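All figures in this text were calculated on a predicted structure; none of them were measured in a lab.
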Amino acid sequence: MINTAEEAAAVVTYSKFPPLGLRGQGSAFPAIGHGLTTPEYMKTANETLLTILQIESKQGVENVDAIAAVPGVGESSHLVQTSRMVLTARLPLHRPQRFGTIPPRLHSRTRR
């Protein structure tokens, strides 16, 4: 669960290989399996890896623009988990609309 841009940046850091992040490369087998050298594999992985962040709290929704602005995250790779937010707010499950904190701009994002 991601609440802040700092937490999002940490996820991206540990999801990307150097020089973009700190993810470790333990074996050459993934590269060999794709017919690549290890540096080619790491570069390709950094360019194509999809890092999806789950936002499950009121604080996360309030910070969604800052979270989405973190390099490596973007608008297409975060999920707002409304049912979890309802539980965190201790609202009845049959009335999630009462949570009232999901900005209107997110409704279109969550229905894509």
Side-chain angles (χ1 to χ4, degrees):
M1 174 170 53
I2 301 299
N3 294 305
T4 65
E6 292 79 13
E7 291 173 356
V11 170
V12 172
T13 296
Y14 295 114
S15 300
K16 302 284 187 180
F17 292 111
L20 302 178
L22 299 174
R23 180 177 175 177
Q25 170 61 27
S27 169
F29 290 120
I32 294 167
H34 292 283
L36 301 169
T37 66
T38 299
E40 289 171 331
Y41 173 77
M42 292 169 67
K43 181 179 184 299
T44 302
N46 278 346
E47 293 170 350
T48 60
L49 180 71
L50 178 62
T51 303
I52 299 175
L53 306 177
Q54 190 157 325
I55 298 168
E56 299 181 350
S57 68
K58 179 179 178 181
Q59 181 186 13
V61 170
E62 290 168 353
N63 293 322
V64 73
D65 291 324
I67 291 168
V70 170
V73 175
E75 287 200 17
S76 63
S77 58
H78 58 273
L79 168 67
V80 176
Q81 179 56 289
T82 54
S83 60
R84 171 64 185 221
M85 288 172 34
V86 168
L87 291 174
T88 335
R90 296 186 176 101
L91 296 173
L93 287 176
H94 65 284
R95 300 198 63 181
Q97 69 277 8
R98 290 184 59 204
F99 192 71
T101 60
I102 301 174
R105 68 184 181 283
L106 286 182
H107 288 290
S108 61
R109 291 182 188 175
T110 59
R111 288 183 169 77
R112 286 185 188 167

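Residues Y14 and R23 form no side-chain contact, since every pair of their non-hydrogen atoms from C-beta on lies 4.5 Å or further apart. Side-chain contact between V12 and P71 is absent, with no heavy atoms from C-beta onward closer than 4.5 Å. Put simply, the side chain of T4 reaches to within 4.5 Å of the side chain of Q59, judged on heavy atoms. Side chains of V73 and T51 form no contact here, defined as non-hydrogen atoms less than 4.5 Å apart. The closest side-chain heavy-atom distance from I52 to L50 is below 4.5 Å.
Within the 3.5 Å criterion, the main-chain N or O of T37 finds a donor-acceptor partner in the side chain of E40. Between the N46 side chain and the K16 main chain, no donor and acceptor come within less than 3.5 Å of each other.
We find the CZ-CG distance between F17 and L22 to be 12.0 Å, quoted to the nearest 0.5 Å. For the atom pair CD1 (I55) and CD1 (I67), the distance works out to 4.5 Å, reported to the nearest 0.5 Å. Note: I2 CD1 to E56 CD = 9.5 Å, rounded to the nearest 0.5 Å.
When every heavy atom of A66 is checked against every heavy atom of A5, the shortest pair comes out as O-CB, 3.7 Å. For the residue pair A8 and L53, the shortest heavy atom distance occurs at CB-CD1, 3.5 Å.
At a cut-off of 3.5 Å, with distance as the only test, a side-chain donor of N3 or S57 sits close to an acceptor on the other residue.
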For the pair T38 and Q25, evaluate side chain to side chain contact (heavy atoms under 4.5 Å, CB included) and give the outcome as yes or no after the intermediate values.
-> CA-CA 9 Å; T38 299; Q25 170 61 27; 3.7 Å; yes

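The cluster map of Ile, Leu, Val, Met, Phe, Trp and Tyr, joined by side-chain heavy atoms under 4.5 Å apart, puts Y41 and L20 in different clusters.
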